[in-house]
> 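Just passing along the structure, written as structure tokens.
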Amino acid sequence: MPGKNVFATLLGIVAVGAGIGILAALLQYWGNPGNMGICVACFERDIAGAMGLHRAAVVQYLRPEIIGFVLGSLGAAVLFGDFRPRAGSAPIVRFFLGVFAMIGALVFLGCPWRALLRLAGGDGSALFGLLGLVAGVGLGTLFLKGGYNLGRAQKTHFSVGLLMPLFMAGLLLLMFLYPQLPGEPQSGVLFYSLKGPGAMHAPLIVSLLVGLAVGFAAQRSRFCTMGAFRDLILFGQKHLLLGVVALLAFAFAANLVLGQFNPGFEGQPVAHTMQLWNFLGMALAGLAFALAGGCPGRQLFLAGEGDGDAAVFVLGMIFGAALAHNFGLASSPKGIGPNGLAAVAVGFAFCVFVGLTMRKQSA
Amino acid sequence: MSQTVDARGLSCPQPVLDTLAAIREMGKGEIVVLVDTEASKENVSRAAESKGWRVAEVAETGSEYRISIVRE
């Protein structure tokens with residue numbers, strides 16, 4: 001389908017951001033955890049748990065939203081001739097950027113999408129996370145200005161670009177083969193939380209359909225929360241930022257309508273009030289996203305349109321989630337994990353190392 | 001005067017960074033930017049227009065785009 005991409009216009013990006021905001025609020029209304037209608041980091045962490053890669057019993061559920069994001073993006077890319085299989089731009093670096101992005105996000109307790117949704121639900125601590133995100137992305141732009149570059153990807157066979165969508169389709173198949181059984185923590189090979197955030201979810205088919213719709217629209221519009229702040233800081237460009245503002249505004253409005261707006265700092269769902277760590281966790285995540293060229297949502301959409309390197313970043317995030325829970329790095333409503341501090345320090349050291357050393361000229 | 005920026009295979013935001021560097025260097029004239037994703041095509045066009053350059057032509061060959069931006 002040739003012709004102008006309406007999703008890439010100003011109105012397009014605002015409509016997509018607004019749509020995501022409203023759908024996220026509705027997903028919470030339909031059963032997803034508080035201020036977590038959509039959270040790419042949390043949901044990938046839940047997927048890691050569903051596969052038994054970590055055994056934190058409260059966060060195990062194979063979130064169909066994530067599957068929908070990848071498959072919806074694939075559908076849009078194929079339909080509009082935008083499926084471009086490519087790979088080979090420093091995949092191992094992208095893997096570890098994914099690992100530390102996830103660790104940072106789990107110290108804060110949310111990806112940038114959820115930071116916006118937490119704020120839209122009245123959680124004041126999210127402000128510190130968003131400030132951290134901007135600081136981390138800002139630091140990332142300094143590396144970009146200094147010549148940091150992950151290098152060129154190569155065009156490759158269509159099968160390479162299809163691997164992440166096929167993996168997601170396989171996970172969906174597992175969900176149908178081993179559906180959740182009432183009162184059972186396990187069904188076949190899959191783990192299912194009986195309590196905690198992992199036990200809270202919208203009906204499977206609803207989650208999947210919303211995921212497909214968001215994946216489709218976000219692939220066309222290039223919606224990206226990291227890119228929003230990066231483009232503003234780096235180029236003074238507000239295009240993507242308007243999508244983010246629309247997400248925040250419409251999620252807020254939808255929460256008001258649905259009675260899901262509860263302002264305050266204490267007692268917010270799946271959140272802690274150690275503000276320094278809310279800031280630092282999201283700063284680490286923001287830096288890793290900036291160095292990897294996309295927020296976790298965007299990486300899923302890129303993986304859906306054939307970007308094998310973005311797919312590796314996604315796998316890094318899932319691996320990072322497993323580490324975060326096995327090693328006591330992830331926060332809980334009580335505060336940061338016993339080893340969260342060390343992990344954030346290692347994460348910053350890794351990002352600075354990569355940012356300073358990968359300065360090959362692109363020309 | 002014309003300059004070519006080969007941004008094929010580079011991921012976001014590198015094509016835009018390279019294009020803006022060429023814009024700063026040239027001041028005016030014609031710059032040809034080669035990219036291979038639709039997102040890069042949109043981003044480069046948007047960035048060029050924001051700097052007062054005009055997208056004169058976008059030619060698609062296979063899976064690549066050749067974007068010509070000019071400023072008189």
Side-chain angles (χ1 to χ4, degrees), chain A residues 2 4-5 7-10 12-13 77 80-90 94 140-141 144-145 147-156 219-222 224 226-227 230-231 233-240 290 292-294 298-299 301-302 305-307 309-310 313 361-363, chain B residues 1-69 71:
Chain A
K4 193 166 167 59
N5 179 3
F7 287 96
T9 61
L10 186 67
I13 190 78
F80 290 93
D82 204 14
F83 181 71
R84 291 162 201 270
R86 55 197 188 271
S89 168
R94 292 175 188 266
T141 63
L144 288 168
K145 280 183 189 158
Y148 165 80
N149 188 336
L150 283 170
R152 287 180 204 272
Q154 306 293 324
K155 275 199 258 314
T156 183
Q219 193 279 334
R220 295 308 292 154
S221 68
R222 334 297 181 198
C224 178
M226 183 286 297
R230 178 200 63 205
D231 289 358
I233 298 168
L234 202 52
F235 311 131
Q237 204 184 85
K238 301 180 191 69
H239 177 78
L240 288 172
R298 179 80 183 132
Q299 303 280 356
F301 310 135
L302 284 168
E305 63 172 64
D307 186 337
D309 297 318
F313 182 93
Q361 286 302 309
S362 62
Chain B
M1 219 167 57
S2 169
Q3 189 177 329
T4 299
V5 173
D6 183 0
R8 288 174 297 179
L10 294 173
S11 51
C12 195
Q14 208 60 45
V16 174
L17 279 172
D18 292 355
T19 303
L20 291 180
I23 282 177
R24 268 193 304 275
E25 195 183 311
M26 300 262 299
K28 61 179 181 173
E30 183 191 18
I31 302 172
V32 172
V33 187
L34 305 175
V35 298
D36 55 7
T37 68
E38 205 183 301
S40 291
K41 179 194 76 177
E42 293 162 2
N43 292 339
V44 166
S45 303
R46 203 179 286 125
E49 283 167 353
S50 77
K51 295 290 171 194
W53 287 58
R54 186 168 57 84
V55 178
E57 194 194 357
V58 180
E60 189 175 355
T61 49
S63 59
E64 293 176 9
Y65 298 97
R66 183 181 182 281
I67 309 164
S68 163
I69 58 172
R71 180 167 182 157

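Per chain, numbering begins at 1; letters A, B, ... match sequence-line order. These values consider heavy atoms only, across backbone and side chains, with no hydrogens, waters or symmetry-generated copies.
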> Starting from the C-alpha separation in whole Å, work towards a yes-or-no answer on salt bridge (charged side-chain N to carboxylate O under 4.0 Å, His left out) for A:Arg220 and B:Glu42.
CA-CA 11 Å; A:Arg220 295 308 292 154; B:Glu42 293 162 2; 5.5 Å; no

> Would you mind checking if A:Arg152 and B:Asp36 are paired as a salt bridge, meaning a charged N to carboxylate O distance below 4.0 Å?
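The answer is no: the pair does not qualify as a salt bridge.
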
> Between CG of A:Asp82 and OG1 of B:Thr37, what distance do you get to the nearest 0.5 Å?
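Result: 7.5 Å between the selected atoms.
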
> Which distance, rounded to the nearest 0.5 Å, do you find between the CG of A:Asp231 and the CG of B:Asn43?
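A:Asp231 CG to B:Asn43 CG: 7.0 Å, rounded to 0.5 Å.
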
> To the nearest 0.5 Å, tell me how far B:Asp18 CG sits from A:Asn149 CG.
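Here the interatomic distance stands at 7.5 Å.
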
> State, with a plain yes or no, whether a side-chain heavy atom of B:Cys12 is found less than 4.5 Å away from one of A:Arg230.
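With C-beta onward as the side chain, the pair touches.
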
> Rounded to the nearest 0.5 Å, what separates atom OH in A:Tyr148 from atom CG in B:Leu17?
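Rounded to the nearest 0.5 Å, the OH-CG separation comes to 12.0 Å.
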
> Checking heavy atoms, do the side chain of A:Gln237, its backbone, both or neither come under 4.5 Å from chain B?
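The side chain, not the backbone.
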
> Where do A:Arg84 and B:Glu64 land on the side-chain contact (heavy atoms from CB on, under 4.5 Å) test, with the steps shown first?
CA-CA 10 Å; A:Arg84 291 162 201 270; B:Glu64 293 176 9; over 6 Å; no

> Need one label for A:Leu150: side chain, backbone, both or neither, based on atoms under 4.5 Å from any heavy atom in chain B.
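Neither part.
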
> Atom OG of B:Ser50 and atom NZ of A:Lys238: how far apart are they, to the nearest 0.5 Å?
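If we round to the nearest 0.5 Å, B:Ser50:OG and A:Lys238:NZ are 10.0 Å apart.
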
> Does the side chain of A:Arg86 come within less than 4.5 Å of B:Arg8's, by heavy atoms?
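With C-beta onward as the side chain, the pair stays apart.
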
> To check you understand the geometry: which heavy-atom pair defines the closest contact between B:Ser11 and A:Arg94, and what is its length?
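Distance-wise, the nearest heavy atoms are OG-NH2, 3.3 Å.
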
> Over all heavy atoms of both residues, which pair between B:Arg46 and A:Ala8 is shortest? Give the atoms and the distance, please.
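Taking B:Arg46 first and A:Ala8 second, the nearest heavy atoms are NH2-O, 3.0 Å.
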
> Locate the shortest heavy-atom distance separating A:Arg298 from B:Ala39; write the atom from each residue and the value.
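That closest heavy-atom pairing would be NH2-CB, 3.9 Å.
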
> Examine whether an atom of B:Ala21 lies under 4.5 Å from a heavy atom of chain A, and if so say whether it belongs to the side chain, the backbone or both; otherwise answer neither.
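Neither part, no heavy atoms under 4.5 Å.
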
